There are 2 protein chains.
Amino acid sequence: MITYAQTISPSEETNAERIVAVLRDEIVRLVLKPGDPVSESEMAVRFGVSRQPVREALIRLAEAGLVSVQARKATRVVRISEKSVLNAKFIREALEVEIMRRAAGLAQPHWRDVLEPLLEQQAVAVLAKDLRTFHALDDAFHRKIAELCEVEFVWDLIDAQKAQLDRVRYMTLDAAIDINLIEHREIAQAIYDRDAGAAETALRNHVGKITSHLALGRQRLPDYFAPK
Amino acid sequence: MITYAQTISPSEETNAERIVAVLRDEIVRLVLKPGDPVSESEMAVRFGVSRQPVREALIRLAEAGLVSVQARKATRVVRISEKSVLNAKFIREALEVEIMRRAAGLAQPHWRDVLEPLLEQQAVAVLAKDLRTFHALDDAFHRKIAELCEVEFVWDLIDAQKAQLDRVRYMTLDAAIDINLIEHREIAQAIYDRDAGAAETALRNHVGKITSHLALGRQRLPDYFAPK
DNA sequence: GCCCCTAAACTGGTATGGAAGATTGTCGAA
DNA sequence: TTCGACAATCTTCCATACCAGTTTAGGGGC
(Lines give C-alpha, C1' and ligand atoms only; values in the text may rest on other atoms or scores of the structure.)
Protein backbone atom coordinates (compact mmCIF):
# COMPACT_ATOMS: atom_id res chain seq x y z
CA MET A 1 0.00 0.00 0.00
CA ILE A 2 0.71 1.89 -1.09
CA THR A 3 3.44 3.56 -1.60
CA TYR A 4 2.17 7.00 -2.03
CA ALA A 5 1.08 8.32 1.26
CA GLN A 6 0.46 11.56 -0.55
CA THR A 7 -2.03 10.87 -3.25
CA ILE A 8 -2.46 14.44 -4.31
CA SER A 9 -1.59 15.42 -7.82
CA PRO A 10 2.11 16.05 -8.15
CA SER A 11 1.62 19.23 -10.14
CA GLU A 12 1.36 21.68 -7.28
CA GLU A 13 2.14 21.04 -3.65
CA THR A 14 -0.55 22.20 -1.27
CA ASN A 15 0.25 24.12 1.88
CA ALA A 16 -0.74 21.16 3.99
CA GLU A 17 1.76 18.91 2.21
CA ARG A 18 4.54 21.41 2.62
CA ILE A 19 3.83 21.63 6.33
CA VAL A 20 3.78 17.85 6.68
CA ALA A 21 7.23 17.61 5.14
CA VAL A 22 8.71 20.31 7.36
CA LEU A 23 7.22 19.03 10.60
CA ARG A 24 8.08 15.41 9.88
CA ASP A 25 11.68 16.37 9.35
CA GLU A 26 11.79 18.44 12.51
CA ILE A 27 10.26 15.67 14.58
CA VAL A 28 12.68 13.02 13.34
CA ARG A 29 15.64 15.35 13.85
CA LEU A 30 14.41 16.09 17.39
CA VAL A 31 14.06 19.80 16.67
CA LEU A 32 10.54 19.28 17.89
CA LYS A 33 11.12 17.27 21.01
CA PRO A 34 9.08 14.29 22.18
CA GLY A 35 6.33 15.59 24.44
CA ASP A 36 6.35 19.07 22.93
CA PRO A 37 2.92 20.50 22.19
CA VAL A 38 2.26 21.37 18.56
CA SER A 39 -0.54 23.88 18.54
CA GLU A 40 -2.57 24.42 15.40
CA SER A 41 -2.78 28.16 15.83
CA GLU A 42 0.87 28.50 16.73
CA MET A 43 1.97 26.61 13.64
CA ALA A 44 -0.50 28.57 11.55
CA VAL A 45 1.23 31.80 12.54
CA ARG A 46 4.62 30.27 11.92
CA PHE A 47 3.80 29.07 8.41
CA GLY A 48 1.72 32.12 7.57
CA VAL A 49 -1.43 30.17 6.79
CA SER A 50 -4.72 29.56 8.52
CA ARG A 51 -5.26 26.80 11.03
CA GLN A 52 -6.94 24.53 8.52
CA PRO A 53 -3.94 23.34 6.48
CA VAL A 54 -1.95 22.96 9.68
CA ARG A 55 -4.70 20.86 11.12
CA GLU A 56 -4.74 18.60 8.09
CA ALA A 57 -0.98 18.27 8.25
CA LEU A 58 -1.23 17.19 11.87
CA ILE A 59 -3.84 14.58 10.94
CA ARG A 60 -1.39 13.10 8.46
CA LEU A 61 1.40 13.10 11.02
CA ALA A 62 -0.90 11.45 13.51
CA GLU A 63 -1.62 8.69 10.98
CA ALA A 64 2.12 8.19 10.71
CA GLY A 65 2.40 7.86 14.48
CA LEU A 66 4.56 10.95 14.90
CA VAL A 67 2.13 13.12 16.83
CA SER A 68 -0.76 12.29 19.09
CA VAL A 69 -3.95 14.31 18.81
CA GLN A 70 -5.95 14.38 22.00
CA ALA A 71 -9.40 15.63 21.12
CA ARG A 72 -10.06 19.08 22.55
CA LYS A 73 -6.94 18.88 24.68
CA ALA A 74 -3.69 19.04 22.84
CA THR A 75 -1.53 17.72 20.04
CA ARG A 76 1.91 16.57 21.07
CA VAL A 77 4.96 14.99 19.54
CA VAL A 78 4.69 11.41 20.71
CA ARG A 79 7.25 10.33 23.22
CA ILE A 80 9.56 7.51 22.32
CA SER A 81 8.54 4.30 23.97
CA GLU A 82 10.71 1.25 24.32
CA LYS A 83 7.86 -0.83 23.04
CA SER A 84 7.25 1.19 19.90
CA VAL A 85 10.94 1.19 19.07
CA LEU A 86 11.23 -2.57 19.52
CA ASN A 87 8.06 -3.04 17.49
CA ALA A 88 9.50 -0.95 14.69
CA LYS A 89 12.69 -2.98 14.91
CA PHE A 90 10.77 -6.24 14.60
CA ILE A 91 8.94 -4.98 11.53
CA ARG A 92 12.02 -3.56 9.89
CA GLU A 93 13.94 -6.74 10.55
CA ALA A 94 11.20 -8.94 9.16
CA LEU A 95 10.89 -6.91 6.00
CA GLU A 96 14.56 -6.46 5.39
CA VAL A 97 15.43 -10.09 6.06
CA GLU A 98 13.04 -10.91 3.24
CA ILE A 99 14.82 -8.39 1.06
CA MET A 100 18.18 -9.97 1.92
CA ARG A 101 17.00 -13.43 0.92
CA ARG A 102 15.68 -12.03 -2.31
CA ALA A 103 18.85 -10.05 -2.97
CA ALA A 104 21.05 -13.07 -2.36
CA GLY A 105 18.95 -15.03 -4.83
CA LEU A 106 18.97 -12.43 -7.57
CA ALA A 107 22.43 -10.91 -7.17
CA GLN A 108 24.21 -9.95 -10.39
CA PRO A 109 27.91 -9.17 -10.81
CA HIS A 110 27.18 -5.56 -11.73
CA TRP A 111 25.54 -4.94 -8.38
CA ARG A 112 29.04 -4.63 -7.02
CA ASP A 113 29.56 -1.57 -9.20
CA VAL A 114 26.49 0.02 -7.65
CA LEU A 115 27.04 -0.83 -4.00
CA GLU A 116 30.80 -0.44 -3.67
CA PRO A 117 30.79 3.29 -4.47
CA LEU A 118 28.27 3.81 -1.68
CA LEU A 119 30.53 1.93 0.71
CA GLU A 120 33.50 4.00 -0.43
CA GLN A 121 31.59 7.20 0.30
CA GLN A 122 30.69 5.81 3.69
CA ALA A 123 34.36 5.16 4.39
CA VAL A 124 35.10 8.80 3.60
CA ALA A 125 32.35 9.94 5.93
CA VAL A 126 33.71 7.70 8.68
CA LEU A 127 37.18 9.16 8.38
CA ALA A 128 35.73 12.68 8.41
CA LYS A 129 33.52 11.73 11.33
CA ASP A 130 30.67 13.26 9.35
CA LEU A 131 27.81 11.56 11.10
CA ARG A 132 24.89 13.12 9.27
CA THR A 133 26.33 12.26 5.87
CA PHE A 134 27.05 8.76 7.04
CA HIS A 135 23.48 8.21 8.16
CA ALA A 136 22.16 9.47 4.83
CA LEU A 137 24.50 7.07 3.03
CA ASP A 138 23.43 4.33 5.41
CA ASP A 139 19.81 4.73 4.33
CA ALA A 140 20.84 4.98 0.69
CA PHE A 141 22.75 1.68 0.95
CA HIS A 142 19.80 -0.22 2.35
CA ARG A 143 17.37 1.34 -0.07
CA LYS A 144 19.61 0.61 -3.02
CA ILE A 145 19.64 -3.09 -2.18
CA ALA A 146 15.84 -3.09 -2.20
CA GLU A 147 15.85 -1.21 -5.47
CA LEU A 148 18.25 -3.67 -7.08
CA CYS A 149 15.90 -6.57 -6.41
CA GLU A 150 12.87 -4.53 -7.39
CA VAL A 151 11.11 -4.22 -4.07
CA GLU A 152 11.86 -0.59 -3.39
CA PHE A 153 8.25 -0.11 -2.34
CA VAL A 154 9.05 -2.00 0.85
CA TRP A 155 11.35 0.83 1.83
CA ASP A 156 8.53 3.30 1.71
CA LEU A 157 6.98 1.28 4.50
CA ILE A 158 10.25 0.81 6.36
CA ASP A 159 10.75 4.55 6.19
CA ALA A 160 7.49 5.09 7.97
CA GLN A 161 8.53 2.66 10.69
CA LYS A 162 12.01 4.03 10.80
CA ALA A 163 10.80 7.44 11.97
CA GLN A 164 10.63 5.84 15.41
CA LEU A 165 14.11 4.37 15.12
CA ASP A 166 15.68 7.47 13.60
CA ARG A 167 14.82 9.63 16.56
CA VAL A 168 16.80 7.26 18.75
CA ARG A 169 19.58 7.35 16.22
CA TYR A 170 19.70 11.13 16.41
CA MET A 171 20.02 10.89 20.16
CA THR A 172 23.20 8.88 19.83
CA LEU A 173 24.86 10.50 16.87
CA ASP A 174 28.30 9.68 18.15
CA ALA A 175 27.63 5.98 17.82
CA ALA A 176 30.39 3.83 16.46
CA ILE A 177 29.77 4.32 12.76
CA ASP A 178 32.98 2.56 11.84
CA ILE A 179 31.44 -0.66 13.09
CA ASN A 180 28.37 0.15 11.06
CA LEU A 181 30.48 0.31 7.95
CA ILE A 182 32.05 -3.05 8.69
CA GLU A 183 28.60 -4.54 9.01
CA HIS A 184 27.58 -3.01 5.70
CA ARG A 185 30.57 -4.66 4.05
CA GLU A 186 29.54 -7.99 5.54
CA ILE A 187 26.05 -7.61 4.15
CA ALA A 188 27.31 -6.63 0.73
CA GLN A 189 29.78 -9.51 0.64
CA ALA A 190 27.09 -12.03 1.56
CA ILE A 191 24.95 -10.74 -1.29
CA TYR A 192 27.82 -10.90 -3.77
CA ASP A 193 28.39 -14.48 -2.63
CA ARG A 194 24.68 -15.18 -3.02
CA ASP A 195 24.73 -16.55 0.51
CA ALA A 196 21.23 -15.93 1.85
CA GLY A 197 21.97 -17.32 5.29
CA ALA A 198 25.01 -15.12 5.79
CA ALA A 199 23.11 -12.07 4.54
CA GLU A 200 20.29 -12.74 6.99
CA THR A 201 22.66 -13.21 9.91
CA ALA A 202 24.60 -10.07 9.07
CA LEU A 203 21.43 -8.03 8.75
CA ARG A 204 19.93 -9.22 12.02
CA ASN A 205 23.15 -8.35 13.79
CA HIS A 206 23.17 -4.95 12.12
CA VAL A 207 19.59 -4.01 12.91
CA GLY A 208 19.86 -5.42 16.40
CA LYS A 209 22.28 -2.69 17.38
CA ILE A 210 19.36 -0.34 17.88
CA THR A 211 18.73 -1.91 21.27
CA SER A 212 21.98 -0.57 22.66
CA HIS A 213 21.24 2.84 21.18
CA LEU A 214 17.92 2.64 22.91
CA ALA A 215 19.46 2.07 26.31
CA LEU A 216 21.99 4.83 25.76
CA GLY A 217 19.37 7.27 24.54
CA ARG A 218 17.11 6.62 27.46
CA GLN A 219 19.99 7.22 29.82
CA ARG A 220 20.89 10.52 28.20
CA LEU A 221 17.49 12.02 27.56
CA PRO A 222 14.95 10.29 29.79
CA ASP A 223 12.41 13.06 29.26
CA TYR A 224 12.02 12.06 25.62
CA PHE A 225 10.73 8.65 26.62
CA ALA A 226 7.30 7.56 27.68
CA PRO A 227 7.12 6.27 31.25
CA LYS A 228 7.30 2.53 31.44
CA MET B 1 -26.01 -2.02 42.85
CA ILE B 2 -23.36 0.18 41.47
CA THR B 3 -23.31 0.37 37.73
CA TYR B 4 -20.39 1.75 35.88
CA ALA B 5 -21.57 3.95 33.10
CA GLN B 6 -20.32 2.55 29.84
CA THR B 7 -21.00 5.89 28.27
CA ILE B 8 -17.89 7.34 29.81
CA SER B 9 -15.62 6.00 27.15
CA PRO B 10 -11.99 6.97 27.47
CA SER B 11 -12.19 8.97 24.29
CA GLU B 12 -15.48 9.94 22.79
CA GLU B 13 -15.41 9.31 19.09
CA THR B 14 -15.35 12.36 16.87
CA ASN B 15 -17.45 12.62 13.73
CA ALA B 16 -14.43 12.29 11.52
CA GLU B 17 -13.42 9.03 13.19
CA ARG B 18 -16.90 7.61 12.80
CA ILE B 19 -16.89 8.48 9.10
CA VAL B 20 -13.47 6.90 8.60
CA ALA B 21 -14.70 3.64 10.07
CA VAL B 22 -17.84 3.56 7.94
CA LEU B 23 -16.12 4.44 4.67
CA ARG B 24 -13.21 2.09 5.24
CA ASP B 25 -15.61 -0.77 5.75
CA GLU B 26 -17.61 0.10 2.67
CA ILE B 27 -14.50 0.33 0.54
CA VAL B 28 -13.11 -3.01 1.66
CA ARG B 29 -16.49 -4.68 1.19
CA LEU B 30 -16.73 -3.17 -2.30
CA VAL B 31 -19.91 -1.28 -1.45
CA LEU B 32 -17.98 1.72 -2.63
CA LYS B 33 -16.48 0.41 -5.85
CA PRO B 34 -12.96 1.02 -7.09
CA GLY B 35 -13.04 4.11 -9.28
CA ASP B 36 -16.14 5.53 -7.63
CA PRO B 37 -15.99 9.23 -6.83
CA VAL B 38 -16.38 10.11 -3.16
CA SER B 39 -17.47 13.69 -3.06
CA GLU B 40 -16.91 15.64 0.13
CA SER B 41 -20.18 17.53 -0.11
CA GLU B 42 -22.14 14.43 -1.02
CA MET B 43 -20.79 12.54 1.99
CA ALA B 44 -21.43 15.58 4.16
CA VAL B 45 -25.11 15.43 3.29
CA ARG B 46 -25.17 11.68 3.81
CA PHE B 47 -23.65 11.84 7.29
CA GLY B 48 -25.47 15.00 8.25
CA VAL B 49 -22.32 17.00 8.98
CA SER B 50 -20.35 19.70 7.25
CA ARG B 51 -17.67 19.04 4.68
CA GLN B 52 -14.91 19.46 7.22
CA PRO B 53 -15.11 16.18 9.14
CA VAL B 54 -15.70 14.31 5.88
CA ARG B 55 -12.66 15.95 4.42
CA GLU B 56 -10.54 14.92 7.36
CA ALA B 57 -11.83 11.38 7.11
CA LEU B 58 -10.83 11.27 3.45
CA ILE B 59 -7.36 12.48 4.32
CA ARG B 60 -6.97 9.55 6.68
CA LEU B 61 -8.25 7.13 4.06
CA ALA B 62 -5.84 8.61 1.54
CA GLU B 63 -2.97 8.01 3.96
CA ALA B 64 -4.11 4.40 4.15
CA GLY B 65 -4.07 4.15 0.36
CA LEU B 66 -7.79 3.52 0.05
CA VAL B 67 -8.78 6.70 -1.75
CA SER B 68 -6.91 9.06 -4.01
CA VAL B 69 -7.38 12.79 -3.65
CA GLN B 70 -6.83 14.74 -6.84
CA ALA B 71 -6.62 18.38 -5.91
CA ARG B 72 -9.56 20.40 -7.22
CA LYS B 73 -10.65 17.50 -9.41
CA ALA B 74 -12.02 14.56 -7.51
CA THR B 75 -11.54 12.05 -4.74
CA ARG B 76 -11.98 8.45 -5.84
CA VAL B 77 -11.77 4.98 -4.40
CA VAL B 78 -8.45 3.76 -5.72
CA ARG B 79 -8.66 1.02 -8.27
CA ILE B 80 -7.04 -2.28 -7.47
CA SER B 81 -3.73 -2.64 -9.20
CA GLU B 82 -1.87 -5.86 -9.69
CA LYS B 83 1.25 -4.19 -8.45
CA SER B 84 -0.26 -2.90 -5.21
CA VAL B 85 -1.79 -6.31 -4.46
CA LEU B 86 1.49 -8.11 -5.06
CA ASN B 87 3.31 -5.50 -2.99
CA ALA B 88 0.88 -6.03 -0.14
CA LYS B 89 1.38 -9.77 -0.50
CA PHE B 90 5.15 -9.40 -0.29
CA ILE B 91 4.87 -7.34 2.86
CA ARG B 92 2.33 -9.60 4.50
CA GLU B 93 4.41 -12.64 3.66
CA ALA B 94 7.60 -11.12 5.02
CA LEU B 95 5.96 -10.12 8.27
CA GLU B 96 4.04 -13.30 8.81
CA VAL B 97 6.98 -15.58 7.99
CA GLU B 98 8.79 -13.84 10.81
CA ILE B 99 5.81 -14.50 13.05
CA MET B 100 5.84 -18.17 12.08
CA ARG B 101 9.50 -18.55 12.95
CA ARG B 102 8.85 -16.92 16.26
CA ALA B 103 5.77 -19.01 16.93
CA ALA B 104 7.59 -22.24 16.16
CA GLY B 105 10.31 -21.24 18.58
CA LEU B 106 8.00 -20.27 21.42
CA ALA B 107 5.18 -22.79 21.01
CA GLN B 108 3.66 -24.12 24.22
CA PRO B 109 1.44 -27.19 24.58
CA HIS B 110 -1.53 -25.09 25.67
CA TRP B 111 -1.50 -23.21 22.37
CA ARG B 112 -3.28 -26.21 20.94
CA ASP B 113 -6.22 -25.50 23.23
CA VAL B 114 -6.44 -22.01 21.82
CA LEU B 115 -5.98 -22.72 18.13
CA GLU B 116 -7.90 -25.96 17.71
CA PRO B 117 -11.27 -24.44 18.67
CA LEU B 118 -10.77 -21.83 15.97
CA LEU B 119 -10.06 -24.57 13.45
CA GLU B 120 -13.15 -26.45 14.59
CA GLN B 121 -15.29 -23.39 14.04
CA GLN B 122 -13.73 -22.99 10.63
CA ALA B 123 -14.68 -26.58 9.80
CA VAL B 124 -18.27 -25.79 10.71
CA ALA B 125 -18.23 -22.72 8.50
CA VAL B 126 -16.81 -24.76 5.62
CA LEU B 127 -19.58 -27.34 5.89
CA ALA B 128 -22.18 -24.57 6.03
CA LYS B 129 -20.48 -22.83 3.12
CA ASP B 130 -20.63 -19.69 5.24
CA LEU B 131 -17.96 -17.72 3.49
CA ARG B 132 -18.13 -14.49 5.43
CA THR B 133 -17.87 -16.25 8.77
CA PHE B 134 -15.00 -18.32 7.47
CA HIS B 135 -13.06 -15.27 6.40
CA ALA B 136 -13.58 -13.67 9.79
CA LEU B 137 -12.31 -16.85 11.45
CA ASP B 138 -9.44 -16.91 9.00
CA ASP B 139 -8.28 -13.51 10.18
CA ALA B 140 -8.85 -14.49 13.80
CA PHE B 141 -6.64 -17.56 13.39
CA HIS B 142 -3.73 -15.62 11.97
CA ARG B 143 -4.08 -12.84 14.50
CA LYS B 144 -4.26 -15.31 17.38
CA ILE B 145 -0.93 -16.83 16.40
CA ALA B 146 0.64 -13.39 16.50
CA GLU B 147 -0.98 -12.74 19.84
CA LEU B 148 0.31 -16.00 21.29
CA CYS B 149 3.88 -15.04 20.57
CA GLU B 150 3.33 -11.46 21.69
CA VAL B 151 3.69 -9.60 18.44
CA GLU B 152 0.06 -8.76 17.89
CA PHE B 153 1.09 -5.23 16.96
CA VAL B 154 2.39 -6.63 13.68
CA TRP B 155 -1.16 -7.49 12.75
CA ASP B 156 -2.20 -3.87 13.02
CA LEU B 157 0.20 -3.22 10.18
CA ILE B 158 -0.81 -6.31 8.25
CA ASP B 159 -4.42 -5.19 8.56
CA ALA B 160 -3.60 -1.95 6.85
CA GLN B 161 -1.89 -3.83 4.05
CA LYS B 162 -4.62 -6.38 3.91
CA ALA B 163 -7.23 -3.80 2.90
CA GLN B 164 -5.83 -4.20 -0.60
CA LEU B 165 -5.93 -7.98 -0.45
CA ASP B 166 -9.36 -8.13 1.14
CA ARG B 167 -11.01 -6.32 -1.71
CA VAL B 168 -9.76 -9.04 -4.01
CA ARG B 169 -10.94 -11.63 -1.54
CA TYR B 170 -14.44 -10.14 -1.58
CA MET B 171 -14.45 -10.43 -5.35
CA THR B 172 -13.90 -14.18 -5.14
CA LEU B 173 -15.94 -15.14 -2.14
CA ASP B 174 -16.65 -18.58 -3.57
CA ALA B 175 -13.00 -19.51 -3.39
CA ALA B 176 -12.13 -22.99 -2.21
CA ILE B 177 -12.24 -22.40 1.51
CA ASP B 178 -11.94 -26.10 2.27
CA ILE B 179 -8.39 -25.97 0.94
CA ASN B 180 -7.82 -22.92 3.07
CA LEU B 181 -8.74 -24.91 6.14
CA ILE B 182 -6.35 -27.70 5.23
CA GLU B 183 -3.58 -25.14 4.94
CA HIS B 184 -4.47 -23.74 8.33
CA ARG B 185 -4.14 -27.18 9.84
CA GLU B 186 -0.73 -27.57 8.25
CA ILE B 187 0.39 -24.29 9.74
CA ALA B 188 -0.93 -25.18 13.17
CA GLN B 189 0.69 -28.61 13.10
CA ALA B 190 4.05 -27.16 12.12
CA ILE B 191 3.83 -24.78 15.06
CA TYR B 192 2.87 -27.56 17.48
CA ASP B 193 5.86 -29.51 16.18
CA ARG B 194 8.05 -26.43 16.63
CA ASP B 195 9.18 -26.91 13.06
CA ALA B 196 10.01 -23.41 11.82
CA GLY B 197 10.88 -24.53 8.31
CA ALA B 198 7.59 -26.35 7.83
CA ALA B 199 5.65 -23.43 9.24
CA GLU B 200 7.35 -21.05 6.85
CA THR B 201 6.72 -23.27 3.86
CA ALA B 202 3.08 -23.76 4.76
CA LEU B 203 2.54 -20.07 5.24
CA ARG B 204 4.16 -19.06 1.96
CA ASN B 205 1.99 -21.55 0.14
CA HIS B 206 -1.07 -20.24 1.95
CA VAL B 207 -0.47 -16.55 1.31
CA GLY B 208 0.60 -17.25 -2.25
CA LYS B 209 -2.92 -18.27 -3.17
CA ILE B 210 -3.87 -14.62 -3.50
CA THR B 211 -2.29 -14.56 -6.95
CA SER B 212 -4.89 -16.92 -8.35
CA HIS B 213 -7.64 -14.88 -6.70
CA LEU B 214 -6.13 -11.88 -8.38
CA ALA B 215 -6.35 -13.40 -11.83
CA LEU B 216 -9.90 -14.57 -11.20
CA GLY B 217 -10.99 -11.21 -9.85
CA ARG B 218 -9.53 -9.33 -12.75
CA GLN B 219 -11.34 -11.62 -15.14
CA ARG B 220 -14.67 -11.12 -13.41
CA LEU B 221 -14.59 -7.42 -12.66
CA PRO B 222 -12.02 -5.78 -14.92
CA ASP B 223 -13.45 -2.31 -14.25
CA TYR B 224 -12.28 -2.51 -10.64
CA PHE B 225 -8.68 -2.75 -11.75
CA ALA B 226 -6.28 -0.07 -12.82
CA PRO B 227 -5.12 -0.35 -16.40
CA LYS B 228 -1.77 -2.03 -16.73
C1' DG C 1 -24.26 17.53 -38.09
C1' DC C 2 -19.81 19.40 -36.14
C1' DC C 3 -16.74 22.36 -33.70
C1' DC C 4 -15.37 26.00 -30.58
C1' DC C 5 -16.07 29.07 -27.03
C1' DT C 6 -17.94 30.46 -22.78
C1' DA C 7 -20.39 30.42 -18.57
C1' DA C 8 -22.38 27.81 -15.08
C1' DA C 9 -21.74 24.00 -12.04
C1' DC C 10 -19.03 21.24 -10.09
C1' DT C 11 -14.40 19.74 -7.54
C1' DG C 12 -11.07 20.22 -3.53
C1' DG C 13 -8.10 23.92 -0.76
C1' DT C 14 -8.09 27.68 2.53
C1' DA C 15 -9.72 31.32 5.87
C1' DT C 16 -12.37 32.48 9.80
C1' DG C 17 -15.63 32.31 13.63
C1' DG C 18 -17.64 29.91 17.10
C1' DA C 19 -18.81 25.63 20.10
C1' DA C 20 -17.44 22.26 23.53
C1' DG C 21 -14.25 20.51 26.46
C1' DA C 22 -9.88 20.84 29.33
C1' DT C 23 -6.55 23.56 31.86
C1' DT C 24 -4.97 27.24 34.66
C1' DG C 25 -4.98 30.81 37.81
C1' DT C 26 -7.42 33.67 41.07
C1' DC C 27 -10.06 34.58 44.86
C1' DG C 28 -12.40 33.47 49.01
C1' DA C 29 -13.60 30.51 52.92
C1' DA C 30 -12.38 27.35 56.52
C1' DT D 1 -1.92 27.00 54.80
C1' DT D 2 -5.19 24.28 52.27
C1' DC D 3 -8.89 23.45 49.60
C1' DG D 4 -12.78 24.40 46.48
C1' DA D 5 -15.52 27.30 43.28
C1' DC D 6 -15.28 29.76 39.18
C1' DA D 7 -13.98 32.47 35.41
C1' DA D 8 -10.49 33.43 31.90
C1' DT D 9 -8.00 31.17 28.52
C1' DC D 10 -6.21 27.60 26.46
C1' DT D 11 -7.03 23.40 23.23
C1' DT D 12 -9.15 20.78 19.29
C1' DC D 13 -13.48 20.06 16.56
C1' DC D 14 -16.96 21.67 13.45
C1' DA D 15 -19.70 24.93 10.36
C1' DT D 16 -19.72 28.38 7.01
C1' DA D 17 -17.99 31.20 3.36
C1' DC D 18 -15.01 32.02 -0.19
C1' DC D 19 -11.17 30.96 -3.53
C1' DA D 20 -9.12 28.60 -7.40
C1' DG D 21 -8.86 25.21 -10.52
C1' DT D 22 -11.61 21.59 -13.54
C1' DT D 23 -15.37 19.71 -15.89
C1' DT D 24 -19.51 20.06 -18.24
C1' DA D 25 -23.49 21.88 -20.46
C1' DG D 26 -25.32 24.86 -23.73
C1' DG D 27 -25.28 28.24 -27.49
C1' DG D 28 -23.71 30.23 -31.69
C1' DG D 29 -21.29 29.94 -35.94
C1' DC D 30 -20.04 27.16 -39.78
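These numbers come from a predicted model, not from an experiment. Here is the naming used below: chain letters follow the sequence lines, and residue numbers restart at 1 for every chain.
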Please tell me which of A:R72 and A:A16 maps to the more 5' nucleotide of DNA chain C, matching each residue to the nucleotide holding its nearest heavy atom.
A:A16

So, is A:S50 close to the C:dT16 phosphate, meaning a side-chain N or O under 4.0 Å from OP1 or OP2?
no

May I ask you to verify if any side-chain N or O of B:S41 is less than 4.0 angstrom from the OP1 or OP2 atom of C:dG12?
no

Within less than 4.0 Å of OP1 or OP2 of C:dG21, is there a side-chain N or O belonging to A:K73?
no

Between D:dC14 atom P and B:E40 atom CD, what is the distance in whole Å?
14 Å

Distance check needed: C:dT14 P versus A:E17 CD, whole Å only.
9 Å

Position toward the 5' end of DNA chain C (nearest nucleotide), A:E56 or A:A71
A:E56

Does atom CZ of A:R18 have more than 12 heavy-atom neighbours, drawn from other residues, nucleotides or ligands, at distances under 6.0 Å?
yes

Nearest-Å distance for atom pair CD/C1', residues B:E42 and C:dG12
14 Å

Rounded to whole Å, please give me the gap between CD1 in A:I59 and P in C:dG13.
13 Å

Between P on C:dG13 and CZ on A:R18, what's the gap in Å once rounded to a whole number?
15 Å

C:dG13 OP1/OP2 closer than 4.0 Å to side-chain N/O of A:T14
no

Considering only NZ, NE, NH1 and NH2 on the basic side and carboxylate oxygens on the acidic side, decide whether A:K162 and A:D166 come within less than 4.0 Å.
yes

Do the side-chain N or O atoms of A:R55 get closer than 4.0 angstrom to the phosphate oxygens (OP1, OP2) of D:dC13?
yes

What I want to check is whether the side chains of A:N180 and A:H184 have a donor and an acceptor closer together than 3.5 Å.
no

Under 4.0 Å, counting only non-hydrogen atoms across every strand here, what does B:V54 touch: a base, just sugar-phosphate, or nothing?
nothing

5'-most by nearest nucleotide on DNA chain D - A:Q52 or A:A74:
A:A74

Whole-Å distance, B:R51 CZ to C:dT16 P, equals 17 Å

Take the protein atom CG of A:N15 and the nucleotide atom P of D:dC19, then report the distance between them rounded to whole Å.
17 Å

Closer than 4.0 angstrom, basic N to acidic O: yes or no for A:D159 and A:R24?
no

So does A:R60 pair up with A:E63, basic N to acidic O under 4.0 Å?
no

